[in-house]
Amino acid sequence: MEFATAIIIFTGISFLVYGFNSLFSPRMFSEFERWGFSKYRKLISVLQILGALGLIIGLELNIILIASSLSLSTMMFVAIIVRIKINDNISRILPAITFFVLNVLILNYSLQVLN
């Protein structure tokens, strides 16, 4: 398996799990409240699930990979800003940073495939 494919699958599965946890886990309900996004929890969760599915589908349809990785990168960038704004410590910000970087790498890869 190619390294880029492994990153895409890992990231897709991670966002699927996180998206479903955000929909159904009481712990995640309180996290969204802490972040100030409880009204948008369901929307954000569905967008994460769609983005995850887009990454997986994007293995075959590059334009979907571009759209999904761009969307998830943007979402993770906002997550970093929100976590900094509410004074989370670095250990709580690091997952958002990691997934931001992974999605930017996926986006870069998908744009190179275009050329």
Side-chain angles (χ1 to χ4, degrees):
M1 178 184 307
E2 187 180 328
F3 187 65
T5 303
I7 291 173
I8 292 166
I9 292 170
F10 168 77
T11 305
I13 291 170
S14 296
F15 273 97
L16 273 177
V17 170
Y18 197 84
F20 280 110
N21 277 338
S22 296
L23 280 175
F24 301 111
S25 167
R27 184 182 77 75
M28 291 305 297
F29 298 171
S30 63
E31 283 294 290
F32 273 86
E33 192 170 309
R34 185 174 72 84
W35 299 327
F37 286 90
S38 58
K39 291 190 314 191
Y40 305 105
R41 180 183 55 81
K42 289 179 183 176
L43 174 63
I44 292 169
S45 301
V46 168
L47 291 174
Q48 289 172 339
I49 292 167
L50 290 173
L53 293 173
L55 291 178
I56 304 302
I57 294 167
L59 290 168
E60 293 297 322
L61 297 169
N62 193 56
I63 193 71
I64 302 295
L65 186 61
I66 292 169
S68 296
S69 59
L70 178 61
S71 298
L72 291 170
S73 296
T74 303
M75 192 179 298
M76 289 299 94
F77 182 75
V78 171
I80 293 165
I81 300 303
V82 167
R83 288 177 172 271
I84 290 170
K85 187 176 177 180
I86 64 169
N87 295 315
D88 269 355
N89 63 38
I90 190 66
S91 66
R92 289 189 149 195
I93 301 171
L94 199 54
I97 293 170
T98 301
F99 282 102
F100 171 73
V101 169
L102 286 174
N103 278 289
V104 167
L105 290 172
I106 294 168
L107 178 60
N108 183 53
Y109 167 79
S110 63
L111 290 172
Q112 287 180 4
V113 170
L114 264 183
N115 297 327

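Bear in mind that the values here come from a model prediction, so they are computed numbers and not experimental data.
- Residue L16 holds its CG atom at 11.0 Å from OG1 of T11, rounded to the nearest 0.5 Å.
- When each of N89, I97, D88 is paired with R83, the side-chain contact (heavy atoms from CB on, under 4.5 Å) condition holds for D88 and for no other.
- Among all heavy-atom pairs drawn from I106 and S69, the shortest one is CG2-CB, 3.7 Å.
- In this structure, OG1 on T5 lies 15.0 Å from CZ on F10, to the nearest 0.5 angstrom.
- The cluster map of Ile, Leu, Val, Met, Phe, Trp and Tyr, joined by side-chain heavy atoms under 4.5 Å apart, puts I7 and L65 in the same cluster.
- In this structure, I84 CD1 and R92 CZ are separated by 14.5 Å, a value rounded to the nearest 0.5 Å.
- The hydrophobic cluster containing F32 does not contain F20, counting ILVMFWY residues as joined when their side-chain heavy atoms lie under 4.5 angstrom apart, directly or transitively.
- One hydrophobic cluster holds both I86 and M76 under the rule that ILVMFWY side chains link at heavy-atom gaps under 4.5 Å.
- A distance of 9.0 Å separates CG of L70 from OG of S110, quoted to the nearest 0.5 Å.
- For Y40, the OH atom counts as loosely surrounded, since its 6.0 Å shell holds 12 or fewer non-hydrogen atoms of other residues, nucleotides or ligands.
- Using bins of under 30°, 30° to 60° and over 60° for the plane-to-plane angle, the ring pair F99/F15 lands in the perpendicular bin.
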Cut-off 3.5 Å, no hydrogens considered: what does the side-chain donor-acceptor table look like for residues 41-61, sequence neighbours left out?
from	atom 1	to	atom 2	distance (Å)
R41	NH1	S22	O	2.9
R41	NH1	L23	O	3.1
S45	OG	R41	O	2.7

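- Note: the hydrophobic cluster containing F24 does not contain F37 (ILVMFWY, side chain heavy atoms under 4.5 Å, direct or indirect links).
- For the atom pair CG of N103 and CD1 of I8, the computed distance is 9.5 Å after rounding to the nearest 0.5 Å.
- Under a hydrophobic-cluster definition in which Ile, Leu, Val, Met, Phe, Trp and Tyr are linked whenever side-chain heavy atoms come within less than 4.5 Å, directly or via other members, M28 and I93 are assigned to the same cluster.
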